[in-house]
Amino acid sequence: MALSTQSTTGHGQAAAPRRTDRGVIGAAAIVVFGTAGYFVFPDNLALLTHIISTMLLVLAIDLVTGYCGVATLGHAALFGAGAYGAGIAAAHFGITEPLTMTLVGVICGSIAGLISGIVVLRAHGLAQLVLSIAVIHLFQEAANKASAWTGGSDGLSGIMPDAVFGRFEFDLFGQTAYVYGVALLLVTFVLLRILVRSPFGMLARGVKEDPVRLAAMGASVQSVMIRMYIISGAVAGLGGALSAISTQVVGLDSLSFTLSAETLVMLVLGGTGSLYGAMVGTVVFMFFEDTVSAANPFHWLTIVGALLIAVVLFAPKGLYGTAAAFFERRSRAGKGRDGA
Amino acid sequence: MQTVLSIAVDALAYGMVLFIISIGLSVTMGLMRVINLAHGAFAMIGGYFASYAARDLGLGYGVGVLAAIVGTVIIAIPVERFLYRRIYGQPELTQVLMTIGITFCVIGIANFAFGPTLKTIPLPQMLQGSVDLGFRTIATHRLFSIVCGLVVAGALWFLIERTAFGTRLRATVDNAAMAASLGVRTQVVYAVSFAVAIGLAALGGVLGAELLPVEPYYALRYMVTFLVVVSVGGAGSIPGALIACLLLGAIDTTGRYFAPEYGEFFFYLAVIVIVTLFPRGLAGRFR
Amino acid sequence: MNTLFEVSNLKKNFGALAVTNNVSIGMAAGDRLALIGPNGAGKTTFVNLVTGHIKPDSGRVTLSGEDVTGMRPAARVQRGLIRSFQVTRLFPDMTPEEHVALAILQRDGKAGRMSGHYSAKPAVMKEVRETLSILGLIELSHLKVREIAYGQQRLLEIALAMALKPKVLLLDEPAAGVPQLETTRIERALDQLPKDLAILMIDHDMDLVFRFATRVVVLAAGTVIFDGSPQAVTKDQRVREAYLGSYANAGSAA
């Protein structure tokens with residue numbers, strides 16, 4: 001359970017008012033980088049949208065791993081549920097309005113979150129990890145078998161979303177999809193920022209740091225974790241829906257162990273227990289992946305492996321966490337305790 | 001009836017291969033309390049060594065097996081010394097990441113060195129062909145795997161229950177601090193157990209190559225299977241691992257016979273049921 | 001007086017060892033009870049049984065007339081049965097302010113809220129500051145718990161228990177490992193608690209016990225061997241035997 005050495009110091013909450021400013025900075029950063037991405041990489045918007053949908057999954061993992069301390073290797077189940085939910089709604093039920101498709105994805109993700117939460121939270125340690133792995137395989141095999149609905153190993157196609165607000169068509173260059181993705185990410189970030197600072201967010205950190213103490217305060221540890229799994233499912237489902245809408249296909253790889261493991265790696269690379277860590281990790285990982293794996297997928301695997309080992313050995317707080325800790329130390333040394 | 005017996009024989013062969021590979025993982029996880037996802041990578045390395053020695057150098061099956069065990073252990077020793085020792089006693093997530101990292105590296109390097117194709121290990125004359133069991137025939141090498149599994153189980157039982165090293169091992173598993181204060185050099189116990197575990201993984205990788213073919217993604221493909229065996233059996237327990245392997249082998253084989261289109265659905269469903277009912281495994285002491 | 005809290009015929013065996021053997025203790029509102037006994041008498045086990053961290057083999061625990069024996073620890077806490085831990089259990093990466101705020105919000109049923117920061121709620125902040133001031137922790141409000149001294153962490157344990165507004169408070173060696181200055185602080189904090197609260201304290205510091213308790217219960221080998229006033233306990237023959245073993249017999253015989 002305990003992952004305390006992995007947590008970043010980013011959420012130590014030294015001074016509450018200043019934190020709000022940082023939330024605004026984060027939101028502003030999303031807008032700035034989002035806009036920059038649009039103009040700097042106009043030919044690569046599909047990749048950027050792919051990064052955003054993956055980022056939502058990584059944020060979802062952060063909620064249960066970084067905040068609640070649950071180690072999971074099966075979180076793509078929540079993402080895939082959202083992707084298939086939105087995709088099936090469009091392909092089989094004619095629900096092609098993109099906001100509605102997104103909502104269907106969020107709901108399906110939440111339900112998958114509830115189901116896998118109930119299963120995974122039955123155990124601790126190794127057993128918990130194995131349960132999370134079993135869940136993702138179970139979801140994938142089920143999706144494979146239900147090929148009438150999901151297209152099986154050929155993937156689900158025929159997803160034709162309408163124009164957003166009836167005006168903005170999903171174009172060949174992926175411009176609409178990209179803007180839609182940035183908007184979803186921005187809204188999600190703001191909501192999650194509120195969530196992790198809220199009393200409930202404190203309960204979640206309490207679950208990670210000492211569940212026995214939390215129970216001795218009268219809080220139900222199990223209920224906190226289940227609620228967090230549902231929220232996490234909503235976020236992951238949103239990512240899945242975005243992926244289904246933007247690529248217009250859903251494949252079995254969206255329900256894979258590999259995706260679960262890779263996104264966990266992205267989170268740890270950026271730093272657990274921080275929304276910024278999750279986002280930074282995703283961007284760094286996927287940009288490198290795109291560059292290196294184009295040359296040779298196996299070299300890429302070697303590099304990821306070496307990177308992981310290096311992070312565990314030298315920067316257990318991840319890229320963002322290490323940087324944040326460095327600046328926090330410096331500002332402390334500079335100003336002393338501010339006690340605000 | 002014939003079908004049942006037929007499934008039972010296949011399940012037994014599969015289960016025994018699983019057992020040879022996973023038992024080392026079970027012992028080290030019970031002993032060092034470390035979640036090791038890279039165990040399959042060592043089995044794969046064993047397979048590559050054997051293939052290289054037996055096929056490319058033409059040295060024969062026996063030499064191949066020996067080369068696999070010795071070569072893999074030699075590779076594993078520095079890995080244990082410099083990487084694994086850093087994660088003993090660390091949080092699970094740290095252990096998971098480190099061992100996934102090792103696995104990824106091994107896959108990448110294996111592909112670079114040997115290419116992405118399947119590697120076969122030529123069987124000696126003796127193990128080719130098949131044996132008639134009366135109700136069906138069985139490939140000789142499968143029978144050989146079963147026998148090897150039984151020998152390994154017996155030998156391990158003897159090592160752990162009947163030798164001085166086994167006494168120290170059991171003491172260290174029960175309470176490492178206490179064992180150390182009684183003069184057991186626990187670091188040595190760890191190192192030797194790790195070496196034995198890796199050697200067995202390599203052996204299993206070679207013997208099981210017909211069922212679990214050797215290729216770069218082997219380490220990732222079966223990572224979960226081995227981990228599941230340990231979790232279901234209970235880390236650190238030989239009988240637990242044996243039961244788990246036979247049970248999971250039976251479930252998997254039966255599923256493939258009667259409902260191949262469901263893939264591993266029933267396998268993982270069974271895993272969830274068993275692990276939920278026995279969170280410490282069927283005979284576990286881990287946590 | 002009305003019984004607020006009652007433990008009746010509580011039993012627990014660990015294997016063949018009876019760690020809690022038919023223990024019955026009743027407490028009324030306002031009781032200040034010290035539970036003492038030699039090492040291994042089963043004091044902490046008793047607390048764990050009462051709070052639900054261990055399941056008893058038999059017996060009943062009632063709080064304000066309600067049977068809480070089968071309840072989870074959290075459910076008992078919600079009904080006002082609060083404990084502190086013998087070995088400090090806190091959230092290492094949170095600040096004292098966050099700890100107390102979380103306890104207050106949880107007590108008021110507002111900890112599940114998914115928006116707003118506690119620092120924006122004047123009532124919560126006022127109570128947080130008051131509680132931390134009483135225990136002399138106000139200066140440390142914004143440090144992480146892992147950065148503050150052990151004695152101060154013990155004080156924070158008491159602060160949490162206070163913030164939860166208990167009806168019955170079980171303090172498991174609150175002063176263990178605490179320097180003298182902090183012990184005084186703990187005593188003063190306990191004095192400021194509402195008078196109608198029932199407190200059961202386990203401690204080895206007899207001076208503290210005598211200053212605090214109006215009633216003493218002695219536990220030896222899982223059995224209650226004495227239940228009475230602090231004045232009577234030192235004169236009791238069985239208590240002397242339990243603490244001093246056969247030496248007491250030899251001494252009194254000579």
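Chain letters run A, B, ... following the sequence lines, proteins first, then strands; residues in each count from 1. Values below: every heavy atom of this structure, side chains too, minus hydrogens, waters and symmetry copies.
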Considering only heavy atoms, which portion of C:S141 lies under 4.5 Å from any heavy atom of chain A: side chain, backbone, both, or neither? neither

Look up atom CG in A:D210 and atom CG in C:D93, then write down how far apart they are to the nearest 0.5 Å. 12.0 Å

Interatomic spacing from OG in A:S198 to CE in C:M114 - rounded to 0.5 Å: 7.0 Å

Please examine the side chains of C:Q106 and A:L214, heavy atoms only from C-beta on, and report whether any two atoms are closer than 4.5 Å. no

Ranking A:A215, A:G201, A:A219, A:A204 by heavy-atom pairs under 4.5 Å to chain C gives rank one to A:A219

Main-chain N/O of C:L90 paired with A:E209 side-chain donor or acceptor, under 3.5 Å: no

If you measure from NE2 on C:H117 to CZ on A:R197, what distance do you get to the nearest 0.5 Å? 4.5 Å

Structural part of C:R72 lying under 4.5 Å from a heavy atom of chain A: side chain

Could you tell me whether C:K11 atom NZ has more than 12 heavy atoms of other residues or ligands within 6.0 Å of it? no

With a 4.5 Å heavy-atom cut-off, do C:H53 and A:V212 have their side chains touching? yes

Considering residues, nucleotides and ligands other than C:K126, do more than 12 of their heavy atoms fall under 6.0 Å from its NZ? no

Is the closest side-chain heavy-atom distance between C:V77 and A:M217 below 4.5 Å? no

Please assess C:F91 against A:M202 for the test side-chain contact (heavy atoms from CB on, under 4.5 Å), listing each intermediate value before the final yes or no. CA-CA 10 Å; C:F91 308 123; A:M202 285 210 287; over 6 Å; no

Testing the basics here: between A:P199 and C:G116, what is the closest heavy-atom pair and its distance to 0.1 Å? CD-O, 3.2 Å

Taking A:R213 first and then C:E157, would you say they form a salt bridge - that is, a charged N and a carboxylate O separated by under 4.0 Å? yes

Residue C:L102 versus chain A: region with a heavy atom under 4.5 Å: both

If we define contacts as heavy-atom pairs under 4.5 Å, which of C:A163, C:G112, C:A111 has the most with chain A? C:A111

